[in-house]
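Reading through the structure tokens given below for one structure.
Every value quoted in this text rests on a predicted model; they were computed, and no experiment measured them.
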Amino acid sequence: MPYVESSITVKAEPAVVYELAKDMETYPEFMKDVESITTLERTENGTVTKWITKLEGKVLKWTERDEFDDENHIIRYTQIEGDLKKFEGEWHFKPQNGDTVVTLSVDFEFGIPMVAMLLHPIAKIKVRENCEMMLRGIKAKIENS
């Protein structure tokens with residue numbers, strides 16, 4: 001199962017960056033590969049969101065459960081239905097010299113062994129690029145506001 005982790009430093013306090021990351025419905029405004037995110041359910045500590053994104057021109061759709069750990073500034077997400085067999089990960093927001101280091105991890109699996117063997121190396125590169133695009137989008141949204 002491929003695992004991808006990317007980080008970026010944002011010039012803002014962790015709470016500010018964390019709150020923007022929790023506001024997933026705004027992602028399409030500043031992340032070009034995210035077509036839409038719809039909140040289907042909202043609880044005190046999380047959401048269920050439906051995502052439509054593009055990865056190398058291909059449309060990917062899934063619904064995920066997002067868990068918010070406000071005390072530790074961590075978002076955990078797990079696909080509950082969608083195009084992949086497995087799609088889950090975490091966002092971490094750590095203070096560093098007045099800034100925030102944001103780390104996004106993704107653990108995914110296609111579910112078809114033969115296809116997975118061929119596509120996992122390529123998909124890992126594309127998922128990393130997508131993670132970095134999301135991180136750059138959050139950084140730009142905060143630093144250019």
Side-chain angles (χ1 to χ4, degrees), residues 1-70 72-94 99-145:
M1 291 177 275
Y3 175 84
V4 172
E5 185 174 288
S6 296
S7 296
I8 199 165
T9 300
V10 179
K11 294 184 183 308
E13 293 294 320
V16 172
V17 186
Y18 174 72
E19 287 303 318
L20 176 61
K22 285 173 53 177
D23 190 10
M24 294 171 193
E25 285 186 326
T26 65
Y27 287 9
E29 296 172 15
F30 57 93
M31 295 179 183
K32 67 177 179 128
D33 292 343
V34 179
E35 290 192 4
S36 70
I37 301 172
T38 305
T39 300
L40 304 176
E41 179 183 322
R42 188 176 306 277
T43 65
E44 184 178 326
N45 298 318
T47 55
V48 174
T49 50
K50 182 173 182 154
W51 292 62
I52 301 175
T53 66
K54 285 188 179 175
L55 184 64
E56 280 298 291
K58 305 282 190 255
V59 174
L60 288 177
K61 299 177 184 180
W62 70 92
T63 301
E64 69 182 42
R65 181 168 316 283
D66 310 298
E67 298 174 9
F68 304 138
D69 179 346
D70 293 343
N72 296 300
H73 297 129
I74 298 171
I75 300 171
R76 292 177 184 86
Y77 62 91
T78 305
Q79 175 185 275
I80 52 178
E81 74 174 60
D83 292 339
L84 298 174
K85 179 179 179 183
K86 178 182 181 182
F87 183 75
E88 61 188 35
E90 297 183 343
W91 294 79
H92 289 261
F93 305 83
K94 301 280 187 191
D99 296 335
T100 301
V101 176
V102 183
T103 302
L104 173 58
S105 65
V106 180
D107 192 2
F108 66 97
E109 184 177 346
F110 287 105
I112 304 168
M114 220 35 176
V115 171
M117 252 180 12
L118 297 171
L119 295 182
H120 275 169
I122 296 165
K124 190 171 181 177
I125 291 167
K126 296 304 171 188
V127 168
R128 179 176 306 283
E129 288 173 358
N130 192 265
C131 286
E132 290 169 357
M133 178 272 309
M134 293 179 78
L135 292 169
R136 284 191 309 272
I138 285 179
K139 178 181 177 76
K141 176 76 174 172
I142 287 178
E143 292 182 3
N144 296 331
S145 292

Between atom CD of E64 and atom OG1 of T47, what is the distance when rounded to the nearest 0.5 Å? 7.0 Å
Could you tell me the separation between the CG atom of D33 and the CD1 atom of I52, rounded to the nearest 0.5 Å? 14.0 Å
Can you name the closest pair of heavy atoms from I37 and M24 and give their distance? CD1-O, 3.1 Å
Distance (rounded to the nearest 0.5 Å) between M133 CE and S6 OG: 11.0 Å
Say whether, by atom type as modelled, one donor and one acceptor occur between the side chain of S105 and the main chain of E90 under 3.5 angstrom. yes
Tell me which one of I80, T53, L84 satisfies side chain to side chain contact (heavy atoms under 4.5 Å, CB included) with W62. T53
Counting distance only, does the side-chain N/O of Y27 pair as donor-acceptor with the main-chain N or O of A21 below 3.5 Å? yes
Non-hydrogen side-chain atoms of T39 and V48 separated by less than 4.5 Å: no
Considering non-hydrogen atoms only, spot the tightest contact between P14 and K94 and give its length. CG-C, 4.2 Å
Could you check if a side-chain atom of T9 sits within less than 4.5 angstrom of a side-chain atom of T100, using non-hydrogen atoms only? no
For residues Y18 and L20, determine if any side-chain heavy atom of one lies less than 4.5 Å from a side-chain heavy atom of the other. no
Between atom CZ of R136 and atom NZ of K32, what is the distance when rounded to the nearest 0.5 Å? 8.5 Å
CA sep, side-chain torsions, deciding dist, call: R76, D66, salt bridge (charged side-chain N to carboxylate O under 4.0 Å, His left out): CA-CA 6 Å; R76 292 177 184 86; D66 310 298; over 6 Å; no
Under the criterion side-chain contact (heavy atoms from CB on, under 4.5 Å), I'd like the reasoning laid out for V17 against E19: C-alpha separation, chi angles, the key distance, then a yes or no. CA-CA 6 Å; V17 186; E19 287 303 318; over 6 Å; no
Are any of the side-chain heavy atoms of Q79 and K86 separated by less than 4.5 Å? no
Check: I125 and E129 side chains under 4.5 Å, non-hydrogen atoms: yes
Do F93 and I74 come within less than 4.5 Å of each other through their side chains, counting heavy atoms only? no
So how far is it from K139 NZ to I8 CD1, rounded to the nearest 0.5 Å? 5.0 Å
Start with the C-alpha gap between L135 and W91, add the side-chain angles, then the distance that decides, and say whether side-chain contact (heavy atoms from CB on, under 4.5 Å) holds. CA-CA 10 Å; L135 292 169; W91 294 79; 3.9 Å; yes
All heavy atoms of S36 vs all of P28, minimum pair found to be CA-CG, 3.8 Å
Would you indicate whether the side-chain heavy atoms of V10 and D99 approach each other to under 4.5 Å? no
Run H73 and D69 through side-chain contact (heavy atoms from CB on, under 4.5 Å) and show every step you take. CA-CA 6 Å; H73 297 129; D69 179 346; over 6 Å; no
Can a side-chain donor-acceptor contact be found between Y3 and E5 if the only test is distance below 3.5 angstrom? yes
Is it true that E143 and K11 make a salt bridge, defined as a side-chain N closer than 4.0 Å to a carboxylate O? no
Quick one: pull up CG in N45 and CG in D70 and give me the separation to the nearest 0.5 Å. 7.0 Å
Establish, for the pair K22 and F68, whether the NZ or CZ atom is under 6.0 angstrom from the six-membered ring centre and no further than 45 degrees off its axis. yes
Determine, stepwise, if the pair V106 / C131 fulfils side-chain contact (heavy atoms from CB on, under 4.5 Å). CA-CA 8 Å; V106 180; C131 286; 3.4 Å; yes
Close side-chain approach of K61 to W51, heavy-atom, < 4.5 Å: no
